[in-house]
Structure formats: structure tokens, C-alpha cells
2 protein chains.
Amino acid sequence: MAHSDTVTRILDAAEELFAEHGFSETSLRSITTQAGVNLAAVNYHFGSKKALIQAVFSRYLSPFYKMIAGSLDHYEKIKPDGVLSIEEMLGYFVRAIAGVSGGDRRRLAIFMRLLGLAYNQGQGHLRKYLQNEYKTDYERLMVLFTNATPDLKPEERFWRFHFMLGSAAFTLSNMEHLRAIQKDEFNEQCTEEDVLELLQPFLAAGIRAAK
Amino acid sequence: MAHSDTVTRILDAAEELFAEHGFSETSLRSITTQAGVNLAAVNYHFGSKKALIQAVFSRYLSPFYKMIAGSLDHYEKIKPDGVLSIEEMLGYFVRAIAGVSGGDRRRLAIFMRLLGLAYNQGQGHLRKYLQNEYKTDYERLMVLFTNATPDLKPEERFWRFHFMLGSAAFTLSNMEHLRAIQKDEFNEQCTEEDVLELLQPFLAAGIRAAK
DNA sequence: ATCTGTTTCAAACATACGTTTAACTCAAAT
DNA sequence: ATTTGAGTTAAACGTATGTTTGAAACAGAT
């Protein structure tokens with residue numbers, strides 16, 4: 001079908017270019033050129049550049065939350081008390097993240113980059129959109145995290161969650177570049193799986209840290 | 001003197017507006033308007049917007065490294081073996097960070113955002129500029145970190161350092177937004193000092209984590 | 001074959017941007 | 001008093017951007 005093909009090509013191109021150059025630095029012309037569609041197609045199908053940015057997020061975030069929700073449904077049957085350890089929780093995250101878009105790590109890096117941008121670009125309109133759009137899923141995740149960290153006070157939990165998020169977002173979004181630096185400095189290079197294996201105990205220990 | 005006054009006013013305005021809206025989203029017109037100077041003054045004094053961004057960055061980074069270097073000089077006299085604990089090292093960082101520009105945190109947020117950008121765009125002018133400009137200072141910091149973590153293998157140290165950097169960069173560059181979210185969710189708000197106090201044990205525990 | 005609604009397309013539009021120019025100001029040196 | 005040169009200014013320049021337009025192409029139903 002012509003419609004969804006054009007829409008998909010635009011989303012693919014936008015995703016890649018946004019991650020590489022940021023939102024404002026990416027023009028609709030570069031997106032439509034890379035997508036091989038007409039310039040006007042963006043405004044026709046999405047309405048505006050702002051709406052396109054939101055659509056890029058939704059396309060990634062929807063299946064991600066769907067997968068997380070499915071995992072949680074399954075888990076609640078096995079462990080009815082709903083208490084996961086931090087390590088179990090991180091494992092779930094890693095697997096959910098790795099599972100989305102068929103384990104395509106490039107898309108993961110792109111999305112993490114976009115997530116970081118969403119926090120400090122766009123005057124917050126994007127974050128508010130996401131918060132309204134995925135509010136219940138987000139809250140469900142926070143319940144999970146809360147159960148995994150019963151000893152933390154709410155504000156401690158809030159901040160440690162974001163410390164963790166920042167570390168993961170920075171690492172995953174800069175994965176390729178960091179591995180290049182590592183090769184440059186040590187003449188050795190981890191696989192991406194190795195990095196994830198190193199990251200998990202780092203995060204778990206941070207979450208568990210004494211005050 | 002008229003010269004340095006105009007230059008300073010431009011740097012102050014640029015710093016503030018960059019922090020609030022990002023680089024591409026901040027126009028020279030908004031900068032010169034806020035600074036109360038003529039539009040052409042930026043290109044006259046700095047040459048280009050790109051050079052202005054570098055100048056904003058240098059104005060922060062130079063005293064930061066000078067302060068770090070001074071602290072290290074002083075510390076090496078007290079502890080000639082040059083071994084700091086992780087907590088001592090983090091404390092130094094926090095104090096150096098807090099001390100630069102009289103504890104003005106907005107400037108810190110800019111610096112952290114620039115740091116993230118420098119890592120992100122592999123071909124960006126910022127990263128190359130920084131690497132040439134502050135190479136020796138960076139290496140000196142890595143020696144300090146190495147001495148603080150004698151049990152880590154080099155590649156573990158490398159990655160945990162960047163996990164830490166990512167967490168700090170994300171938190172500090174999004175400090176205002178995160179605190180706003182906290183207020184939104186909990187009707188409470190930490191001070192920025194509180195956040196730094198929370199961050200330190202998180203990072204220290206991550207660095208110390210069992211493998 | 002004709003009609004109908006959707007999608008594509010080249011072109012134009014209006015605006016915002018970084019940059020450049022040339023005239024002007026004014027204090028310090030001659 | 002005149003010259004000099006750095007600094008400032010308003011205006012203009014060229015370009016890139018997001019958006020809109022109206023006609024053309026297309027697909028599916030009648």
C-alpha cells in the first residue's frame with residue numbers, strides 16, 4: 001500500500017536523522033530526501049514536524065511498553081507478590097529493550113539518543129506528550145521499581161531511577177563511539193553484550209547503595 | 001572598557017539562553033537582544049556562532065580544569081602516594097564543580113550538555129576542539145581515577161568511568177527539568193545540593209560493585 | 001468508462017536565520 | 001586639530017527552513 005509505505009519510510013529516515021543530528025538540526029528536506037518521498041508528504045501525513053517527532057517516539061515506545069506489559073503479566077502469575085529483585089528487574093529491561101525491533105541495536109542506540117534529547121530539547125512539549133500518552137504504563141513500571149527497592153524513600157528512589165536512566169541512556173546511545181574510544185586507548189574492544197553485562201552490576205550496586 | 005564589556009555580556013546571555021533552549025534553538029538575535037548589544041557584535045568579536053559556542057565552553061572549562069589541577073597539586077603534597085578513595089575523588093569533583101563560577105549551577109548544566117554533545121556527534125567540531133585543548137588535563141584525571149580503583153581491570157575501569165560520566169552528565173544537564181518533574185510527582189523538591197549528595201553514593205557504589 | 005476520494009508532486013510562499021557591509025562614533029595617538 | 005583604528009550600528013544579503021497550494025496521478029467503487 002502506498003500510504004503506509006510512505007509513512008514508514010518517513011519514520012525510518014526521521015528516526016535515523018534525528019538521532020544523528022538532533023531535532024532542530026534535521027530538516028524536513030533531508031528527511032524526505034533520504035526517505036525518497038516528496039517534501040510535502042510529511043505535512044500531509046503527519047501535519048507538522050512536531051507531530052512527526054511525536055510519531056517517531058510512539059512507534060518505538062508503543063511496542064516497548066507492550067512487551068514490558070506482557071512480561072509483567074506473565075511475571076505476576078509466577079510471583080504473585082510482585083516483588084522482583086533489582087537484578088531481575090534490570091534483566092527484564094535489558095531483554096525487553098533487546099527484544100524490541102528484533103534486537104536491532106542500532107535502533108536501540110537511536111532511541112536512547114532520542115530519549116536523552118527529549119529530556120533537554122523541545123521545551124518540554126515532547127516530554128509532556130509522552131507522559132500523557134504512556135502514563136499508565138510508566139506508572140506500572142514505577143510500581144515494579146518501587147517493589148524492588150522497598151528500603152528507599154520516595155525521593156531517593158526517584159533520583160536513583162534517573163541516575164540509572166542517565167547512565168544507561170548515555171552508554172547505549174554512545175555505544176559505538178565509546179567502543180571506538182576503547183579500541184583507540186586499549187587496542188581491545190568489548191562486544192555490546194559485554195557492555196550490557198558490565199552495566200547491570202554497576203546499576204544494581206548504585207541502586208542498592210547505602211546512604 | 002567597552003570591548004570586554006560587550007564580549008562578556010554576549011557570553012553571559014549566550015550561556016543562559018543555550019542552557020535554556022539548546023544551541024540550534026537559540027538565535028544570535030535573541031542572544032544580542034538579551035545582551036543589549038548589536039546583532040553584528042557576535043560575528044565581529046567571535047567570528048561565528050560556532051566560535052561563540054566554543055568560547056562559552058572554554059570560559060567554563062578552563063577555570064574548572066585549573067581548579068582541579070590546583071586541587072591535585074595540593075593533594076599530592078599531602079598524600080604523596082597519590083591514592084584517593086573513590087569517595088574522596090567524587091568529593092573533589094563535586095567541590096570543583098560547585099566552586100567554579102561561584103557555584104552558579106546554570107553554567108554547570110551548560111557544561112554537562114556540551115559534554116554530552118561532544119560525545120554524541122562523532123564528527124562534531126566540539127569534540128575535536130576539546131580533545132586537543134584539554135588532552136593533558138583529561139589524562140591526569142584518568143591517572144587519579146586509576147589509583148582510586150586498583151582492583152578493576154582496565155576495560156572495567158574504562159566502562160565504569162563512562163557509566164559514571166553518563167549518569168552525572170544526564171543528571172546535571174537535566175537538573176532543572178528533573179527537579180520540576182519531582183515537584184510535579186511528589187509535591188516536594190530537593191535542592192541541587194541534595195541531588196549531588198544523593199548522586200555521590202550511587203556512583204561510588206557502582207564503581208565499587210562486585211563483578 | 002466514469003466518478004470519487006486519496007496520495008503524490010513541483011513549485012511557490014513567508015519567515016527566520018547567520019553573515020556581511022558600509023557608514024558612523026569616539027577615544028587615544030600624532 | 002587631525003588622524004587612526006577599534007567598536008558599534010542599522011540595513012541589507014543570501015540562504016535554509018516549515019508550510020501551503022493547486023494540479024496531476026492513482027486506485028477502487030459505481
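The model shown is predicted, which means the values in this text are computed figures rather than measured ones. Protein chains get the first letters and strands the later ones, always in sequence-line order, with residue 1 at the start of each.
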- What is the distance from CZ of B:Phe46 to P of C:dG18, rounded to the nearest Å?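 Going from B:Phe46 (CZ) to C:dG18 (P), I get 15 Å.
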- Message: Can you measure B:Asp5 atom CG to D:dG7 atom P for me and round it to whole angstrom units?
- Response: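 Rounding to the nearest Å, CG of B:Asp5 and P of D:dG7 are 12 Å apart.
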- Just one of A:Phe158, A:Phe161, A:Tyr138 clears the ring-ring contact (aromatic ring centres under 6.0 Å, His included) bar with A:Phe145, so which one?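 Only one of A:Phe158, A:Phe161, A:Tyr138 forms a ring-ring contact (aromatic ring centres under 6.0 Å, His included) with A:Phe145, namely A:Phe161.
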- Query: Is there a side-chain contact between A:Trp159 and B:Gln182, using heavy atoms and a 4.5 Å cut-off?
  - Reply: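 Counting from C-beta outward, A:Trp159 and B:Gln182 do come under 4.5 Å.
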- Does B:Asp12 reach the side chain of B:Arg59, with side-chain heavy atoms less than 4.5 Å apart?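 A side-chain contact exists here, since the closest heavy-atom pair is under 4.5 Å.
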- Query: Taking the six-membered ring for Trp, are A:His162 and B:Phe170 parallel (under 30°), tilted (30 to 60°) or perpendicular (over 60°)?
  - Reply: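 A:His162 and B:Phe170: parallel rings.
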- Which word best sums up how the rings of A:Phe57 and A:Phe23 line up, parallel for under 30°, tilted for 30 to 60°, or perpendicular for over 60°?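 Rings of A:Phe57 and A:Phe23: tilted, as their planes differ by 30° to 60°.
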- Task: Respond yes when some side-chain nitrogen or oxygen of B:Thr6 is under 4.0 Å from OP1 or OP2 of D:dT8, and no when none is.
- Result: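 Affirmative; the distance criterion is met.
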- Would you indicate, yes or no, if D:dT8 has its OP1 or OP2 atom less than 4.0 angstrom from a side-chain nitrogen or oxygen of B:His45?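 Yes.
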- Message: The criterion is ring-ring contact (aromatic ring centres under 6.0 Å, His included); which residues satisfy it with A:Phe46, sequence neighbours excluded?
- Response: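 None.
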- Message: How would you summarise protein contacts on nucleotides 11-23 of chain D per nucleotide, using B for base, S for sugar-phosphate only and - for none, with heavy-atom distances below 4.0 Å?
- Response: -B----BBBBB--
